[in-house]
Amino acid sequence: MSVRIDRVAMIAEMARKDINCNRLVELSGVSRVTVTAVRNGKSCSQETADKLAAVLGRDIIKEGS
């Protein structure tokens, strides 16, 4: 199943928590390519969304995805 991340919420949470892409990769275990793709609006797997949400918060997952 494909999930969309709210890219604005993701970027805002990264800024709020002072986490850059490299740090998000380290904390989430998601590849840099995938993090960059998601930040640019691409969809991702539920597993990837869960890993990113664990670091940044559930508010980054778009409703109805």
Do [X] and [Y] have side-chain heavy atoms sitting under 4.5 Å apart?
X	Y	answer
Arg4	Cys44	no
Leu56	Ile19	yes
Asp59	Asp6	no
Asp50	Arg58	yes

Heavy-atom pair with the smallest gap, counting every atom of [X] and [Y]:
X	Y	answer
Ser28	Leu52	OG-CD2, 3.9 Å
Ile5	Ala49	CD1-CB, 3.8 Å
Ile61	Ala53	CD1-CB, 4.0 Å
Met10	Leu24	CE-CD2, 3.6 Å
Val30	Thr48	CG1-CG2, 3.9 Å
Arg7	Asn40	NE-C, 3.8 Å

Q.
Return the CG to NZ distance between Leu27 and Lys17, rounded to the nearest 0.5 Å.
A.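 The NZ atom of Lys17 is 9.5 Å from CG of Leu27, to the nearest 0.5 Å.
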
Pairs under 3.5 angstrom only: tabulate donor-acceptor contacts from the side chains of residues 32-39 to other protein residues two or more places apart or in another chain.
| residue | atom | partner | partner atom | Å |
| --- | --- | --- | --- | --- |
| Arg32 | NH1 | Asn22 | OD1 | 2.6 |
| Thr34 | OG1 | Ser31 | OG | 2.9 |
| Thr36 | OG1 | Arg32 | O | 2.9 |

Q) For Lys42, does the NZ atom sit with more than 12 other heavy atoms under 6.0 Å from it, leaving out its own atoms? A)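 Result for NZ/Lys42: open.
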
Q) CD of Glu47: more than 12 outside heavy atoms within 6.0 angstrom? A)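 Result for CD/Glu47: open.
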
Q. Met14 and Cys21: side-chain contact (heavy atoms from CB on, under 4.5 Å), yes or no, with the steps?
A. CA-CA 8 Å; Met14 287 175 68; Cys21 277; 4.1 Å; yes

